[in-house]
2 protein chains.
Amino acid sequence: MPRPSTPLLNRARIRSHALAMVDAAGLGGLSMRKLAGELGVQAPSLYTHYRTKDELLQDIADDIMSTVDVSDFATDWAAGVRTWARSYRAAMAAHPNMVPVIASGPARRETALARADAVHGGLVRAGWPPRYATMIGASTKYLVLGAAMSSFSRGFEDDVQVYVDRYPHLDQAHRLRDHADEIDADSFELALDAFIHGLTALRATL
Amino acid sequence: MPRPSTPLLNRARIRSHALAMVDAAGLGGLSMRKLAGELGVQAPSLYTHYRTKDELLQDIADDIMSTVDVSDFATDWAAGVRTWARSYRAAMAAHPNMVPVIASGPARRETALARADAVHGGLVRAGWPPRYATMIGASTKYLVLGAAMSSFSRGFEDDVQVYVDRYPHLDQAHRLRDHADEIDADSFELALDAFIHGLTALRATL
DNA sequence: ACCTGAACACCGTTCAAGT
DNA sequence: ACCTGAACACCGTTCAAGT
């Protein structure tokens with residue numbers, strides 16, 4: 001009997017199911033065997049399409065990073081940084097469990113390099129010395145990835161009662177799970193504002 | 001024959017060897033079996049001292065975090081933030097492979113709570129509204145952990161030649177491995193300066 | 001080209017047993 | 001209390017074999 005004309009698997013289908021598993025159950029919840037099972041196939045079949053699990057994860061990371069927007073560097077550097085940082089953070093927030101992969105992945109792919117070039121070029125065209133352009137790019141990444149890591153792993157757990165009385169300055173109303181997303185978003189905006197404000201002041205002295 | 005008066009294992013010895021393994025070979029290089037082997041013991045013996053591998057890692061994370069300095073919040077808030085951020089970053093830089101563990105660990109332990117309380121209290125005493133104190137604490141953590149993640153995973157790899165010509169704005173002199181530590185340190189200081197500068201300006205408007 | 005079954009070399013952890 | 005041997009339920013990956 002002839003094999004079906006379309007293969008059971010393809011890279012897009014593998015990525016989509018893998019990402020769904022990571023979103024639902026964390027990075028630890030993804031295994032090649034379980035992924036294969038959900039795709040109706042045996043684990044070794046996946047290796048026809050991806051050479052390693054890491055290559056699969058990096059490919060998913062690339063998909064996620066493709067939504068990052070560096071177009072505003074064409075306008076002015078501050079708007080460029082702001083839009084870049086916000087869209088970068090939004091991409092992380094959409095798939096928080098992928099943050100460690102994205103943060104640790106080598107930024108070698110064409111698209112990643114093109115983005116880095118747009119950032120660096122935008123800052124240099126705006127008059128920042130190349131070394132400052134590098135540092136501003138790095139700093140912005142710190143802020144985005146740090147914020148993403150924090151939301152990846154909620155710092156304070158559910159059992160607030162344990163420490164409520166003991167540490168009077170820890171106003172738990174600002175710490176509860178319910179508010180964590182809002183606090184994260186506001187803290188990120190505060191940091192981004194203060195950072196760009198400080199850079200603008202520095203820019204005037206160069 | 002009587003057993004030796006001192007046990008082969010204790011928590012401090014386990015932590016110390018485990019941390020050495022993580023420093024040398026990364027988080028993936030630490031397994032309970034290999035750790036036991038290096039301690040001259042079988043893997044299950046470790047479970048007499050630590051209930052899980054994660055508990056062991058969290059305990060090591062606590063050790064590392066104990067070097068973080070929040071004492072300058074007694075002076076003024078800006079000095080407090082600066083010293084806190086720098087000592088925090090130094091702690092991460094000493095054991096970069098532990099960063100994901102520290103970043104993802106729930107900050108529930110007594111010492112972690114005491115530190116968070118010192119930060120929050122110091123900012124509130126300096127006149128920051130509690131909500132701002134929370135956000136400034138969170139933002140500073142973003143910066144430190146983001147910077148630590150970046151150095152945990154060097155963004156650009158060794159094979160610079162691949163992209164040198166293609167992306168003219170990526171001046172690889174600023175990207176090479178040799179300079180990565182310096183760039184990281186300078187970028188962190190730049191971001192910290194700009195952040196505190198921006199906060200100081202904001203503080204005047206409240 | 002695509003998929004499978006069996007296998008290799010690992011994991012974290014449990015548990016009954018020994019001292 | 002502390003340590004061991006054997007075992008359970010997993011991993012990522014390879015490879016010969018099938019279609």
Side-chain angles (χ1 to χ4, degrees), chain A residues 1-61 97-98 100-102 104-106 153, chain B residues 1-61 97-98 100-102 104-106 153:
Chain A
M1 137 178 127
R3 287 179 299 111
S5 49
T6 55
L8 292 169
L9 255 37
N10 60 64
R11 287 167 69 105
R13 204 165 95 85
I14 292 172
R15 280 199 303 274
S16 139
H17 275 75
L19 179 54
M21 288 181 73
V22 170
D23 283 344
L27 275 174
L30 175 69
S31 86
M32 297 302 264
R33 289 173 213 260
K34 279 190 269 178
L35 175 57
E38 224 170 74
L39 291 162
V41 109
Q42 297 299 317
S45 309
L46 297 169
Y47 289 82
T48 307
H49 303 267
Y50 279 105
R51 286 186 339 137
T52 63
K53 184 186 183 182
D54 191 64
E55 193 177 295
L56 166 58
L57 283 170
Q58 291 301 330
D59 220 19
I60 294 170
N97 294 334
M98 283 293 293
V101 176
I102 291 165
S104 72
S153 60
Chain B
M1 131 177 134
R3 285 179 300 113
S5 50
T6 54
L8 293 168
L9 255 37
N10 60 64
R11 288 168 68 106
R13 205 166 95 82
I14 293 171
R15 279 199 303 275
S16 140
H17 275 74
L19 179 55
M21 288 181 72
V22 171
D23 284 343
L27 275 174
L30 175 69
S31 84
M32 297 303 263
R33 289 171 213 258
K34 279 189 267 178
L35 175 57
E38 226 170 74
L39 292 162
V41 107
Q42 298 300 317
S45 309
L46 296 169
Y47 290 83
T48 307
H49 302 268
Y50 278 104
R51 288 188 334 139
T52 63
K53 184 185 183 183
D54 189 62
E55 194 176 294
L56 166 59
L57 283 171
Q58 291 301 329
D59 221 18
I60 294 170
N97 294 334
M98 282 293 293
V101 175
I102 291 165
S104 72
S153 61

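The sequence lines fix the lettering, A, B, ..., with proteins before strands; numbering per chain opens at 1.
Partner of B/Val41 under the side chain to side chain contact (heavy atoms under 4.5 Å, CB included) criterion, chosen from B/Leu8, B/Leu35, B/Ile14: B/Leu8. Just one residue in the list A/Gln58, A/Arg15, A/Glu55 forms a side-chain hydrogen bond (donor to acceptor under 3.5 Å, both in side chains) with A/Tyr50, and that residue is A/Arg15.
Using a 4.0 Å heavy-atom cutoff across all strands shown, A/Leu56 reaches no nucleic acid atom at all. Within the nucleic acid shown, A/Leu30 comes within 4.0 Å of sugar-phosphate atoms alone, with no base atom in reach, counting heavy atoms only.
Rounded to an integer number of Å, the gap from CZ of A/Arg11 to P of C/dC2 is 11 Å. One interatomic measurement links the two molecules: OH of A/Tyr50 to P of D/dT13, which rounds to 14 Å at whole-angstrom precision. Whole-Å rounding puts the B/Lys53 NZ to C/dC11 P distance at 9 Å. To the nearest angstrom, C1' of C/dC10 lies 16 Å from CE of A/Met32. Straight-line distance from the CG atom of A/Leu39 to the C1' atom of C/dC2: 14 Å, rounded to whole Å. Between the OH atom of A/Tyr47 and the P atom of D/dA17 there is a distance of 22 Å, rounded to whole Å. Between B/Arg51 atom CZ and C/dG12 atom C1' the separation is 14 Å, expressed in whole Å.
Of all non-hydrogen atoms in B/Lys34 and B/Ser31, the two that sit nearest each other are N-OG, 3.0 Å. Between A/Arg11 and A/His49 the shortest heavy-atom distance is NH1-O, 2.9 Å. Minimum interatomic distance between B/Met98 and B/Ala61 (heavy atoms only, all atoms of both residues): CE-N, 3.9 Å. Of all heavy-atom pairs spanning B/Asn97 and B/Val22, the tightest one is ND2-O, 2.8 Å.
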Nucleotide pairing, DNA chain D (Watson-Crick or G-U, distances under 3.5 Å), in dot-bracket with [ ] and |: ||.|||||...|||||.||
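Within the 3.5 Å criterion, the main-chain N or O of B/Leu39 finds a donor-acceptor partner in the side chain of B/Arg13. Side-chain atoms of B/Lys53 come within 3.5 Å of backbone atoms of B/Leu30 as a donor-acceptor pair (strictly under, hydrogens ignored). Although no hydrogens or angles enter the test, the distance criterion places a donor-acceptor pair under 3.5 Å between the side chain of A/Ser104 and the main chain of A/Pro100.
Neither OP1 nor OP2 of C/dA1 sits under 4.0 Å from any side-chain N or O of A/His49. One finds a side-chain N or O of B/Lys34 lying less than 4.0 angstrom from the OP1 or OP2 phosphate oxygen of C/dC11.
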Detail all sub-3.5 Å separations between protein N/O atoms and N/O atoms belonging to nucleotides 4-8 of chain C.
from  : atom 1 : to      : atom 2 : distance (Å)
C/dT4 : OP2    : A/Gln42 : N      : 2.7
C/dT4 : OP2    : A/Ser45 : OG     : 2.5

